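Just below is one structure, and these are the notes that go with it.
Counting starts at 1 for both ligands and their atoms, in listed order. Remember, it's a predicted structure, so these values are computed and weren't measured experimentally.
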Amino acid sequence: MARKSSNIGAYKPTHNNHAPMTCLRRKVSPKPLNILMVLCFLSIVSGIAGQAQCAPVSLAELPPQPLGRYLFTLQESGDTSALNWHQAYQRFLDGEFVASDTSVIAKGLAAQPIWLALELKAASSDRRRLMIDASWIDQLDFFHLSHGQLIYTHTAGDHKPYANRGHQYTGFEVDLSFSPGRHVLLIRAQTPDPMFLPVYLLTQSERDKFATQRLFTYGLGYGYLLALMLYNVLLFLGLKDRRHLLYAFYLGVFVTANLGYTGHGFAWIWPDATAWQRWGQPILLGLFGTSALVFSVEFLDIRKHWRRGFYWALGATCLFWLTQVIALVQEHHTLAITSAFVFLVVYTVLMLIHGFHQLSNQPLNARYFLIAISAGTLGTITTTLTAIGLLPAYEFTFRAAEIGMLIEATLLALALAARFRLTQQAHDRAQYNANIDVLTGLNNRRALKELLDRLWAGHQRHGHPLSIVIMDIDHFKEVNDIYGHIGGDQVLRKMGQLIKESVRAEDVAARWGGEEFLIAMPHSTASGAIEFAERLREKIERVAVRSDTGDTDETISVTASFGIAQCTLQETTLEQPIVRADKALYQAKINGRNRSLIWNAHMKNRNRVTNKASALSAQ
Ligand SMILES: Nc1nc2c(ncn2[C@@H]2O[C@H](COP(=O)(O)OP(=O)(O)OP(=O)(O)O)[C@@H](O)[C@H]2O)c(=O)[nH]1
């Protein structure tokens, strides 16, 4: 909508017939139908154009919100030189300014310089603070006209050191005095960065409330992210898992990039570094993208599982940094900032592709990752689209990247914890598998050594009784010969199950050899151990094992022999009672099998088992 000419101070109203829409000071016949049509037209126009104001707006009625809908704008064209305030004001009077229909003026990247005009009437003397809530505008010129006369002018922009701003605020502020009457505020903004201009005109108390809210919400957000970052650094130091370090780095870079584009960096960290304030933004955005890709590659094991995905990430990152170097060398700021925004989109898409690709390889990790990244991505896209003017500018749309990042950071921390849990579980499983005999589910020889050492140490220190039982299935070779190896395995499996069911919690049972088992029984004398062995022997005798050879009715019956020896305090190694138990077993075999015998000094030796016992002590 074109602004109507208005009669402020010394200038005369002019009528501009070329304006796209006039401000409805047309003559209309007073017929009811016409009135109705005009009302319809009015409501449509106001629907399309929001609440664009035509008449000077009362200063007292301005809301403490972005004033886009009260503003009129004029964008300079690329082929003419910059307008001065006289020319701009004249064009405003000529109705060449267009009413804005959005609460925030957003013209995207590398936009032509833009003029904003706000026409006001003050009923009484008043003071207000004019605030542009954007930190990165290269140059801002403020002109305050009262009754057509220029009464105040000020130039600001992030090409000047932060101290020059006068006010400790991340955006740009000027104090304005209003005398009763009509006023026009003209603002010229020029920047290759996103032309995003939330304009406020606030009383002192409104401005203080605004600043307090901002400080509180940013403090909360930064505090949370920094705490998460430090926690992950500590986790890295403790666990030596570099994913935590990369994640901490990713969070740190996000916070720094955010400090940069919100203006807090300029206000708090690099107030005099004007070159960095201009050039740091694309570099920080690029660093953020790079750290995000490095983290995603590491978190999802992309290098191992999907080489091509890794090379895409590497290629995109290298290309971006090459562009940055060219932009820096050629001092082409638009190229630097545009490539940073393009990289922002590319790395986000790449991260999503990585996540989707890994859904089949690492379903849980990838799912967590995708949910987290989607939250961050949605936020980043919303903020980007808001900054370049494709989405309406509200507080939550402009700060969606921060909200998304808080959600993403929390979910990624949970994802890292879940990943750690999975790794721990896999490690525990591997450890368990390494110590367990797959066929019988009992301890294997590897685990037995450690378990026996502990029992042996207890026996030696406290003198508690400790007995060793060695069990051997009788004629097992025949079982294999008749029922095959599968049948033999079935029997071994059943023996493992019976032993597990029969032993006490503190006993240690292991598969000692092919068809031999060793049970170490702390707090058991030889007579207690032989009672146990007899109970087990009878169970084995009674049990019928399904052969699994195809014939469902076929069962296998076996018996077992047992040799028992109680450890003595004179013995210096565990090998000695094991050898004695084996001698007793050998004797039980000689005596006719399917029986249990306690070792005595008259029993014969058996070389084979002695070797096993030696092997055990050598482990
Ligand atoms: N199915 C199966 N057989 C095994 C396994 N480990 C060892 N064996 C067999 O167990 C048999 C042991 O035979 P021997 O040592 O001669 O003893 P035996 O036939 O049980 O005779 P006695 O011990 O004297 O009663 C051999 O045939 C081995 O092949 C295994 O994991 N599965």
Test applied, ring-ring contact (aromatic ring centres under 6.0 Å, His included); reference residue, Phe343; option that passes from Phe288, Trp321, Phe320: Phe320
Under-4.0 Å salt bridge between Glu298 and Arg303: yes
Atoms of ligand 1 under 4.0 Å from any heavy atom of Asp472, numbered from 1 in the order shown, are 23 (O)
Quick one: CG on Leu287 to CD1 on Ile283, what's the gap to the nearest 0.5 Å? 8.0 Å
Heavy atoms only, cut-off 4.0 Å: how does Asp489 contact ligand 1, side chain, backbone, both, or neither? both
Ring centres of His459 and His464 under 6.0 Å apart? no
Ligand-residue contact atoms, ligand 1 with Gly488, heavy atoms, under 4.0 Å: 1 (N)
Within ligand 1, which atoms have a heavy atom of Asp474 less than 4.0 Å away? 25 (O)
Interatomic distance, OH@Tyr247 vs CG@Asn232, rounded to 0.5 Å, equals 6.0 Å
Nearest heavy atom to atom 16 (O) of ligand 1, choosing from Arg593, Arg511, Lys477, Gln490, belongs to Lys477
Considering only heavy atoms of Ile473, which atoms of ligand 1 have at least one such atom less than 4.0 Å away? 20 (O), 23 (O), 25 (O)
Sidechain N-carboxylate O distance under 4.0 Å for Glu571, Arg580: yes
Which atoms from ligand 1 have a heavy atom of Gly514 less than 4.0 Å away? 6 (N), 7 (C)
